[in-house]
Amino acid sequence: MPRFLSRRKFFGKSGQALMATGAALSGGAFAEAHGKSAPSAKGVDYYRKLGVTPFINAAGTYTILSASTMPEEVQAAIAEASKYPVQIEELHVAAGEYLARRLRCEAALVTAGAASALTLGTAACITVGNDPAIISIPTDMSGLKNEVIVQKAHRYDYDHALRNCGIRFVEVETLADYEAAFNDRTVMAHFFNAAEHGAISREDWVRVAHQHGVPCFNDAAADVPPIANLWNYTQMGFDLVTFSGGKGIRGPQCTGLLLGRKDLIAAAVKNNSPYSNTVGRGMKVAKEEIIGLVAAVDWLLAQDEQAMQAEFQRRAERIAQHLKRLPSVETKIFVPPVANQVPHLLITYDPQHIEITGREVMVKLRQGEPRIELNPATGGGSASAGLQSGEHTIVVGVWMMEPGEDLIVARRLREVLREATRA
Ligand SMILES: *Cc1c(COP(=O)(O)O)cnc(C)c1O
């Protein structure tokens, strides 16, 4: 564990939350009735035991970097839920009804991530469009309707989650193409909410699909905040919408939300674990994760969005302030338009003055103490969400930092850039 981060400091809040839960539970109704005692053990620091060093997250909600951490309330709800067995079908139904009420849609399902929601939502559309289909998906699709219409510019790496259902994509570019693409094999129209290109608007996408009686799905996995997006797209008419549970919502990393039409969610449920002969059987969410996502949605809906955004802005400004006296350094705060819609700090400099590439800065921060992970767009790395980058650009994501970590990142960046400054 890095020096500055004692175990207590890094995990202190969660540790306290766990202990508080334990104390509360020993007086809890179930525990009293059943004579269960609260666990007294403090969690072992398995990261340390395994030699895996945590880092300061100056990147954002990237799955490869474990994305987000869960607020204390969420961790405590999970710890509580983990103690008691429940009926999984009953829990799924109750959680779905609760989430649908809170998120202003007809129905909801907790899935094993947005990618799983893409698979289950697609399976649901196939199931509704063909009967019976569930046990055939994805390997025995002959004779089944399986076409999914998508804009060419909305093809992406998450396509695989749809292709897992044995679908065939039909690509369109113009509105006229789209209108002509529907036929009796069409089961779904798919939209990628944060796509940077594509000529057909969300409204047209929904309208034309509905003219043909075909359900449309919007993948908005990384598009919270704004919090209101959690109902904006279902209310716009999309029949299915997914969000990652472990990105801006800050629930368990392995969860997602599938929101939408009652009959489609019911069909998604039938294609999912705990049922064995289904495409979704490997996409199990445990009771802890279901409860964790419900608690995270409650947590998020209780936040003051403006105050959160203002805090992110202050962090970015504080880091910029620390770097402003370095030669040629310029900073800009950028809020991506759809996905990851929070302030990011973009730092550029002239390599004539500061002789280091963004990639080299990234490696130095990763190897330093404490470890720091910069946004992957740094140094011209594959940028997402409209983040502009280049060989001599450093991108700092501030929204997944713990309070105070912005200063540590600022000092370390100044140190590395100063060392590379020409005398
Ligand atoms: C992150 C992401 C996903 C996958 O989400 P998981 O919750 O990690 O499964 C799907 N689609 C888009 C656009 C994403 O950004």
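In listed order, ligands and their atoms are each counted from 1. For the single chain, residues carry numbers from 1 onward in sequence order.
Within ligand 1, the atoms closer than 4.0 Å to a non-hydrogen atom of Phe192 are 13 (C), numbered from 1 in the order shown. Below 4.0 Å from some heavy atom of Ala222 lie the following atoms of ligand 1, by number and element: 15 (O). Proximity to Gly113 (heavy-atom distance under 4.0 Å) selects the following atoms of ligand 1: 7 (O), 9 (O). Near Ala221, the atoms of ligand 1 lying under 4.0 angstrom from a non-hydrogen atom of the residue are 2 (C), 3 (C), 10 (C), 11 (N), 12 (C), 14 (C), 15 (O).
Among protein heavy atoms, atom 11 (N) of ligand 1 sits closest to Asp219 OD2, 2.7 Å. Closest to atom 9 (O) of ligand 1 among all protein heavy atoms lies Ala115 N, 2.8 Å. In terms of protein heavy-atom proximity, atom 4 (C) of ligand 1 is closest to Tyr158 CE2, 3.4 Å. Counting protein heavy atoms only, atom 5 (O) of ligand 1 is closest to Ser244 OG, 3.1 Å. Closest to atom 8 (O) of ligand 1, if we only count protein heavy atoms, is Thr63 OG1, 3.6 Å.
Within 6.0 Å of the CD atom in Gln211, the count of heavy atoms belonging to other residues, nucleotides or ligands exceeds 12.
Ring pair Tyr156/Tyr158 is perpendicular by interplanar angle, where above 60° counts as perpendicular and below 30° as parallel. By the 30° and 60° cut-offs, the orientation of the rings of Phe191 relative to Phe238 is tilted.
Ligand 1 has no N or O atom lying under 3.5 Å from any N or O atom of Leu118, backbone or side chain.
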**Item:** Residues Val44, Lys49; criterion side-chain contact (heavy atoms from CB on, under 4.5 Å); working and verdict
**Value:** CA-CA 8 Å; Val44 171; Lys49 203 162 176 170; 4.0 Å; yes
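The part of Lys247 lying near ligand 1 is the side chain, judged by heavy-atom distances below 4.0 Å.
Between Arg163 and Asp159 there is no salt bridge, since none of the side-chain N atoms of the basic residue sits less than 4.0 Å from a carboxylate O of the acidic one. Ion pair Lys262/Glu106 not flagged as a salt bridge, since none of the NZ, NE, NH1 or NH2 atoms sits closer than 4.0 Å to an Asp/Glu carboxylate oxygen. Comment: Glu317 does not engage Arg314 in a salt bridge, judged by the lack of any side-chain N to carboxylate O separation of less than 4.0 angstrom.
When the options Asn164, Val187, Ile167 are evaluated for a side chain to side chain contact (heavy atoms under 4.5 Å, CB included) with Thr122, the one that passes is Ile167.
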